[in-house]
Amino acid sequence: MKPTPMTPEERETALLDQLRRLMRGELSEGQVLRHLRREVLGLSQGAYAELVGVSRRTLSDLERDAGNASMASMNRVFRPLGLRVGLVPRQPALLARLAEDADRR
């Protein structure tokens with residue numbers, strides 16, 4: 001069953017919710033990718049893989065947090081979602097401080 005199309009505001013809210021959960025360590029990058037692909041965009045793995053120019057196997061591996069995808073592949077799959085791969089602190093305390101600083105701006 002295909003999800004009901006979302007408004008731009010609903011898509012943004014869903015994206016921000018997933019990113020917050022990622023930053024809190026509740027979700028992995030692959031889980032975020034899978035959720036946004038399915039629930040926000042409503043696309044199958046095959047359709048999304050074709051859209052971004054990677055194999056369905058590569059997309060599947062990324063969604064399962066398996067394998068060693070290149071930065072180029074990761075950026076390719078996250079680009080349609082308005083995201084890019086970047087550096088974030090590994091220590092939860094530093095990540096929390098970074099998020100707090102961003103909220104103050």
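Crowding of Glu50 atom CD: a count of heavy atoms from other residues, nucleotides or ligands under 6.0 Å not exceeding 12. Glu10 CD: more than 12 foreign heavy atoms inside a 6.0 Å radius.
Interatomic distance, CG of Leu41 versus CG of Leu81, reported as 5.5 Å (0.5 Å rounding). Atom-to-atom distance recorded for Gln31:CD and Glu63:CD is 10.5 Å, nearest 0.5 angstrom. Atom CG in Leu51 sits 12.0 Å away from atom CZ in Arg76 (nearest 0.5 Å). Residue Asp65 holds its CG atom at 10.0 Å from CG of Leu27, rounded to the nearest 0.5 Å. Taking CG of Leu36 as the start and CG of Leu43 as the end, the distance is 11.5 Å to the nearest 0.5 Å. Here the straight-line distance linking atom CE of Met74 with atom CG of Asn68 works out to 10.5 Å at 0.5 Å rounding.
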- Message: Please evaluate residues Leu83 and Leu15 with respect to the criterion side-chain contact (heavy atoms from CB on, under 4.5 Å), reporting the C-alpha separation (whole Å), side-chain torsions for both, the decisive distance (0.1 Å), and the verdict.
- Response: CA-CA 10 Å; Leu83 302 171; Leu15 174 66; 3.8 Å; yes
- Item | Step-by-step side-chain contact (heavy atoms from CB on, under 4.5 Å) determination, Arg21 to Arg24 | CA-CA 5 Å; Arg21 293 183 68 198; Arg24 288 193 302 257; 3.5 Å; yes
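Screening Arg38, Arg57, Arg34, Arg37 against Gln45 for a side-chain contact (heavy atoms from CB on, under 4.5 Å) leaves a single residue, Arg37.
Smallest separation of non-hydrogen atoms from Leu22 and Ser28: CD1-C, 3.6 Å. Listed here is the closest heavy atom pair of Ala47 and Ser44: N-OG, 3.1 Å. The two atoms that bring Pro80 and Val52 nearest to each other are CG-CG1, 3.5 Å, heavy atoms only.
Using a distance-only test at 3.5 Å, with no hydrogens or angles considered, a donor-acceptor pair links the side chain of Arg11 to the main chain of Met6. Between the side chain of Tyr48 and the backbone N or O of Val77 there is at least one donor-acceptor pair closer than 3.5 Å. Checked by atom type and distance alone, the side chain of Ser60 never pairs as donor or acceptor with a backbone atom of Arg56 at under 3.5 Å.
Cluster annotation: Val85 and Leu16 are assigned to distinct hydrophobic clusters (Ile/Leu/Val/Met/Phe/Trp/Tyr, side-chain heavy-atom contacts under 4.5 Å, transitive).
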